[in-house]
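Every chain is numbered from 1, with letters handed out A, B, ... down the list of sequences. For the numbers below, each heavy atom of this structure counts, side chains included, while hydrogens, waters and symmetry mates do not.
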2 protein chains.
Amino acid sequence: MKYIEKLRNSGLRPTKQRLQICEVLFDRDKTFHFTINELEQKIKKQINNKISLATVYNTVHAFEKKGYLKQIPINSNQTYFDTNVTDHHHFYDLKDEKLIDLENSDVGPINILKKIDGKKIKSVEVLVKLED
Amino acid sequence: MKYIEKLRNSGLRPTKQRLQICEVLFDRDKTFHFTINELEQKIKKQINNKISLATVYNTVHAFEKKGYLKQIPINSNQTYFDTNVTDHHHFYDLKDEKLIDLENSDVGPINILKKIDGKKIKSVEVLVKLED
DNA sequence: ATTCTAGTTTATAATGATTCTAAAAAAGTG
DNA sequence: CACTTTTTTAGAATCATTATAAACTAGAAT
Ligand SMILES: [Mn+2]
Ligand SMILES: [Mn+2]
Ligand SMILES: [Zn+2]
Ligand SMILES: [Zn+2]
């Protein structure tokens with residue numbers, strides 16, 4: 001299995017549950033955005049094995065901490081995650097409540113002119129809200 | 001009272017509670033960012049009158065709908081609001097969990113090159129995360 | 001293989017921000 | 001005042017997320 005090494009290298013034991021979640025998250029052509037509930041549904045459909053909700057939460061947070069997922073800053077009643085961990089931005093369709101990737105080339109360079117003493121920039125993210 | 005007209009013009013009855021919340025929110029030199037709980041505390045300190053939490057929620061949402069407040073897209077367990085309703089951006093200090101305004105002039109023009117059929121851009125917001 | 005230990009999974013409970021409910025109070029109108 | 005509509009309120013309900021603590025498992029040691 002190709003994810004065993006990845007997990008071991010991160011100090012995470014390659015358990016059956018984690019490997020199955022890896023498959024659901026990373027064995028695909030395109031990256032995607034998801035909430036925990038959407039992921040739970042996807043797991044149910046794709047895997048012949050029940051994974052408890054607590055484990056889904058634990059795993060997503062562990063993967064986020066290791067940099068395999070990122071959280072998208074958005075106001076929603078549920079937290080959105082992204083399997084695309086490159087620097088990029090988002091459209092947020094207010095009606096459909098769906099996220100769409102905006103690559104850096106779709107936005108152009110963003111230069112932050114203001115500086116805050118003793119702090120450094122960790123990330124710069126653009127959220128473009130869409131309406132009809 | 002200077003907020004009576006403002007409320008009437010929005011189709012909101014100028015109740016004692018709403019006027020008091022207006023004072024707390026808008027009778028100041030600088031705009032600010034807040035969560036509902038922070039606002040509740042501020043109200044307690046500033047006003048000699050209890051306002052129920054439900055009313056604080058109702059009022060904040062009513063003001064948001066009327067464009068007197070805006071919600072800041074950020075991942076936190078509590079929703080952040082802003083009394084600065086002009087187009088602007090934010091630093092988010094991850095350690096202090098505090099927001100700092102970034103004026104448009106601090107960021108420069110942002111040109112979104114990608115278009116989505118049938119959708120138009122409602123807002124473009126930049127979130128710059130800060131670490132030590 | 002057997003034992004040991006730290007790490008993991010799990011069902012379930014707890015938490016807490018937000019929303020809902022429905023009755024009482026207040027605002028606006030004539 | 002009498003009447004209607006809106007608003008406030010305490011408390012309950014909701015629901016995403018986190019905590020708990022017991023059972024299980026992976027990896028390592030014996
Ligand atoms: Mn989280
Ligand atoms: Mn809201
Ligand atoms: Zn994305
Ligand atoms: Zn602001």
Whole-Å distance between D:dA16 C1' and A:Asn75 CG? 15 Å
Using the side-chain heavy atoms of B:Tyr57, tell me which of these nucleotides is nearest: D:dA26, D:dT7, C:dA17. C:dA17
Against the side chain of A:Asn77, the closest entry in D:dA16, D:dT7, D:dT17 is D:dA16
In whole angstrom, give the distance that lies between atom NZ of B:Lys16 and atom P of C:dA25. 13 Å
Which nucleotide in the set C:dT18, D:dA16, D:dT8 lies at the smallest distance from any side-chain heavy atom of B:Ile36? C:dT18
Output the rounded distance in Å from CD (A:Gln78) to C1' (C:dT18). 14 Å
Heavy atoms under 4.0 Å, any strand shown: does B:Thr15 hit a base, just sugar-phosphate, or nothing? sugar-phosphate
CZ of B:Arg13 versus P of C:dA25: gap in Å, rounded? 17 Å
Cationic tip of A:Lys2 within the cone over A:Phe26's six-membered ring, i.e. under 6.0 Å and within 45° of the normal? no
For a ring-ring contact (aromatic ring centres under 6.0 Å, His included) with B:Phe81, tell me which candidate from B:Phe32, B:Tyr68, B:Phe34, B:Phe63 qualifies. B:Phe34
Qualifying residue, where the test is salt bridge (Lys or Arg N to Asp or Glu O under 4.0 Å) with B:Asp132 and the options are A:Lys120, A:Lys119, A:Lys122: A:Lys119
Ignoring the backbone of B:Lys50, work out which of C:dT9, D:dA10, D:dG27 is nearest its side chain. D:dA10
Within this structure, what is the CG-to-P distance between A:Asn58 and D:dA19, rounded to whole angstrom? 10 Å
Just compare C:dT18, D:dT8, C:dT10 and give me whichever is closest to any side-chain atom of B:Thr79. C:dT18
For C:dA27, does either OP1 or OP2 sit under 4.0 Å from a side-chain N or O belonging to B:Arg8? no
In whole angstroms, the gap separating C1' of D:dA16 from NE2 of A:His61 amounts to 11 Å
Testing D:dA19, D:dA26, D:dT8 for proximity to the side chain of A:Pro14, the answer is D:dA26
Ignoring hydrogens and geometry, is there a side-chain-to-backbone donor-acceptor pair from A:Arg18 to A:Arg13 under 3.5 Å? yes
Looking only at side-chain N and O atoms, does B:Gln17 come under 4.0 Å of OP1 or OP2 in C:dA26? no
Test item: side-chain donor near acceptor, A:His33 and A:Asn84, under 3.5 Å: no
By nearest heavy atom, map B:Leu12 and B:Ser52 onto DNA chain D; which one lands nearer the 5' end? B:Leu12
